[in-house]
Amino acid sequence: MPAAPFDYEAPATLAEALDLLGERGPEARPLAGGQSLVPLLTLRLARPRLVVDLDRLHELRAVRRTPDALEIGALVRHRALERGEGPLALCPLLQEAAALIGNTRVRTLGTLGGSVAHADPAAELPAVLRALDGAVVLRSTRGERVVGAGDFFVGMLTTALAPDELLTAVRLPLPSPGAGFAVEEFSRRAGDFAVVAAVAVVELDGGAVARARVALAGVGPVPARLDRLEAALLGERSGPDAIRRAVADRPLGIEPDGDIHASAEYRRHLAAVLTTRALERAAEAARGAVV
Amino acid sequence: MAESPTATQERLRVVGRRLPRHDARDKVLARTLYAADWQMPGMLEGAVLRSSYPAARITRIDTSRAAAYPGVAAVLTARDVPHNILWTDVPGQTSIVGPLRARVQVLADDRVRYQGEAIALVAAETREIAARALELIDVAYEVRPGVFTTEEALRPEAPRVHEESNLLATWRVRCGDADEALARAHVVVEQTYRCGLIDHAYLEPEAGVAWIDADGVVVVRASTQVIEHFRDVADVLGLPHNKVRVIGPYVGGGFGGKEDVTVEVFLGLLAYRTGRPVRMVWSRQESLLARPKRHPFTLRYRTGAARDGTLVAHRIELTADAGAYAYLSALVLLYATVTAAGPYRVPHVAVDARAVYTNNPPTSAMRGFGAMQMVLGYESQIDQIARRLGLDPVEVRRRNALGRGDRLPVGQELDTHVAVAEAAERAWAALGPPRPPSSPRHRVGRGLACNLQPYGRLVWLRDWASAWVGLEADGSVAVRTGVPDVGGGQASSLCQIAAEALGVEPDRVTVHIADSALTPLAGTTTATRQLYMSGNAVLVAATHLRDEVRRVAAQILETPVEQVTLADGAAVAASHRSVPLGDVVKECARLGVPRSHLGVYHAPAGDPVDLERGGGRVFPDYTFGAHAVEVEVDVDTGAASVRRLVACHDVGRAINPQSVEGQVQGGAVMGLGYGLMEEIVVDRGVNLTTSFASYLIPSALDVPDVEPILIESGDGKGPFAARGIGEPPIGPPAAAIANAIEDAVGVRITDLPITPEKIARALGLLSGG
């Protein structure tokens, strides 16, 4: 079945786009790469009266480097992230995560802003944003605000975006040069959304963990940070044994639901396995970086 | 009873060549007009209103708002259907249930028996209006208790799905004394297996266009495996059979899902009512929700063997969920019963099989048709016997393999080559030396599975096919036969057969297929029968024609007819003098010698067999094969991936090896999906998997390059000794994978699909329920 009929606008500037959303925001949906919205339209799960195509907004394709962060335009495509084009190479974690999204066709069209704004609980990029303590830039005719990832993801497919707001950029603090990172993902079928994915970033001081961050996708309505595990790892040795013990010694503090692809129990098991694997690999990378 | 015709020409010129199929280019360039691509002036769009509930009484249907909506041309409910019944006859059912005349209501009258059952039809100016009209039909339901498992359905107090018992069909086989033999066996393996509800998942959902032609004939151009459904359309409309015509365009995948009626009758009703062309295209969700699927089975096996691995007995109990309507369930169950002991000599076999109505989606034909589900049972059993006795998996299969002259437990003697042992050896050997796992957290294992699958229909259906072959005055060839081409190269193979017999290149042959009014009927493209049946019919016609042409050519060439051959578009004498075929055809015309022939092929026929007494021939013949896989298992997550898949089948002779390999590869991939990931999940009759985001079929990245090995034994009942290969390759992968997983990590998975979670649970990685 094709999508239900809708009006279509393709504004040439951000200002025009924001005006449109200001006027018709509650009945409008912005269209970026279309990899989430178009299936929802054709399944008629979304029936907006207006689709605002952002494709002409070249200003949202820019990537800027600030002293300690990247500001990545919302329309930067997964393929650019995967290839580490230009300054994006400064955050190789994005490369590893983006390479796990869908397939080449999806990555060629899908955008960073689209994935983050859609907020699928099993998506990779929201988890990366959460792991790196990133933030999103939201614009409307009322002005601009910056919202941290922890506050942006509100619930299943639900974010802090107001109907008249557009997500224009993602800000990612750059990990310290010696940081190691890894993404571990489990899916039922190649290219599918993860059943569970783990993103780990580890910084070392000597042989000990100076800072560890872990975010999980697929274990709840929003990407989860494993605060207690992160705290427990502080000052620990970075070898596989210590990491395995740290993960096994305490509940991860997640409450996943079961569905037809995996029971809640299996998701908890996968979360532990993938967290361990991601931390081990991140720690190993950090050790390599120091040497 | 006609024996298989064979070519008398000593050397094959066209048959056996790897040829690109003549339909491939247009498909790649999107020029093929599939069913949904057909457009006609003034065409309406049809749509179906479907039941929201799996078990309910319809207390009221109000179509007035829908009918009054602008742009709506017709709204039909059961009371608008002249004859609201489709019949499925199952002759020869020999059981307590008795001969079956199974009913399917075209549109639900006062009861719905599964979620998605058709209740009303709409024809409107656009799809959008049709969709809106469906929303405006007001249906009041009184929800009734349903039965959602075969166990529930068989309880004496269970609600009945139909007026009669929920037990739809039973079959029994008794060969020797299984119980006594099991009591004396050196080793007995007992296990229960379950396989799930599977969708055909073809690229092309159900679609078609219908119109009334200038002679008042109702024409339905629809995606189908069976153009003979013109009779069903006529019966429902109350028209003479010769006033309905079905045209079958190239089909984007059938796999049995387009064997039963899909859109044809709905389209006929809407076109007849409105007098206008009507198109109907089902969405993917509709297709996944409402089409009959593959039967889930519970298979209980007790298998006994001697110390040396010789099988002595099987006691087998089979229960199939038929869903809400019979469709072809009784026949699917028969295929399962006949093949349940596998391609092995087993002197004592008892099979008790039953199919049960539930309020789940109906089940019917799907590639493998009951026989493929059995492979998990008999191949898991023989593997466990080998393991228990410390025997090599190939050796134990070789020791028990059927051979020519052996009898199946139902009494049928195998009268062609039986390549079970050879296939097992070759597939296993092709795996080569073991390769190391990809990480310390992975284990690698190998598994083998053999199978047998009938080709051709039950002998008591007295199957036949016809084909017309004609020569034009320029020496080109036309073939006319009512064969639906479902993507397996059906038309293209016929082209090669005609070209071979008449000594021309395949590009000089045009094949006109699948028009019930204009092409001689050839029967269904199902049951691995089409190459076998229509291929033989084309060969009969072309061979007859060749002999006529040679006779006339002999006069022209002034040489004895025995010395005339047809080659390279000419008739050639022993002296190498030749005359172009076109000139011979013109001479035929001058002499009044026919330049065309209608060939008819009759398969071996027989009376219904009492399976229980071991009556004899059930099917014309069987195709045998074996698959070997190498699987890697992640011991932390339970994920299993297939790294190698070698698929070996005896195809008798490969008419076009490229097409045959394509069938083998496609079937093996489908079998892999069935083994590892595919499952329609139904919760109390409600389908939770109505998109490809939830119903998982393998992508190209989930399967290895399937390595086909074709055995050409030169023995089979098809043209040039070919055997059918459409269904056989789907059978072995699931069992081979289950066997490889036990080899890798020591756990036996008995339920399909073999998900990572099931493996993780078997490995003890998960604490409890």
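A note on names: the letters A, B, ... follow the listed sequences, proteins ahead of strands, and every chain is numbered from 1.
- Atom CZ of A:Arg250 sits in a crowded spot, with more than 12 heavy atoms from other residues, nucleotides or ligands closer than 6.0 Å.
- With a 4.5 Å cut-off on non-hydrogen atoms, A:Tyr266 touches chain B through its backbone and its side chain both.
- The nearest pair of heavy atoms linking B:Arg127 to A:Pro2 is NH1-CD, 3.8 Å.
- The neighbour count for A:Arg237 CZ, taken as heavy atoms of other residues, nucleotides or ligands under 6.0 Å away, does not exceed 12.
- The minimum heavy-atom distance linking B:Glu757 with A:Ala262 is given by the pair OE1-CA, 3.4 Å.
- Using a 4.5 Å heavy-atom cutoff, the side chains of A:His261 and B:Leu696 are in contact.
- For the atom pair B:Thr637 OG1 and A:Arg277 CZ, the distance stands at 6.0 Å (nearest 0.5 Å).
- Among B:Asp702, B:Val681, B:Asp683, the residue with the largest count of heavy-atom pairs under 4.5 Å with chain A is B:Asp702.
- Within the 4.5 angstrom heavy-atom criterion, only backbone atoms of B:Ala693 (N, CA, C, O) approach chain A.
- Heavy-atom pairs under 4.5 Å with chain A were tallied for B:Ser283, B:Ser694, B:Ala639, B:Pro698; the largest tally goes to B:Ser694.
- Proximity to chain B (any heavy atom under 4.5 Å) is shown, for A:Ala264, by neither the backbone nor the side chain.
- With rounding to the nearest 0.5 Å, the separation of OG in B:Ser691 from CG in A:Leu43 is 6.5 Å.
- Note that CG of B:Leu766 is 4.5 Å distant from CD of A:Glu265, once rounded to the nearest 0.5 Å.
- Other residues, nucleotides and ligands place more than 12 heavy atoms under 6.0 Å from the CG atom of A:Asp249.
- Atom CD of A:Glu27 is surrounded by more than 12 heavy atoms from other residues, nucleotides or ligands within 6.0 Å.
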Check your understanding: B:Glu679 and A:Ile260: side-chain contact (heavy atoms from CB on, under 4.5 Å), yes or no, with the steps?
Key -> CA-CA 10 Å; B:Glu679 187 173 30; A:Ile260 60 166; over 6 Å; no

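- Looking at B:Leu676, the atoms closer than 4.5 Å to chain A (heavy atoms on both sides) all sit in the backbone: N, CA, C or O.
- Contacts between A:Arg44 and chain B at a heavy-atom distance below 4.5 Å involve the side chain alone, from C-beta outward.
- The contact between B:Thr689 and chain A is made entirely by side chain atoms (from C-beta outward), counting heavy-atom distances below 4.5 Å.
- Taking CZ of A:Arg189 as the reference point, atom CG of B:Leu701 lies at 11.0 Å (rounded to 0.5 Å).
- Applying the 6.0 Å contact sphere to CZ of A:Arg24 captures more than 12 heavy atoms from other residues, nucleotides or ligands.
- Listed options B:Pro756, B:Ala760, B:Ala131, B:Ser699 were ranked by heavy-atom pairs under 4.5 angstrom with chain A; first place goes to B:Pro756.
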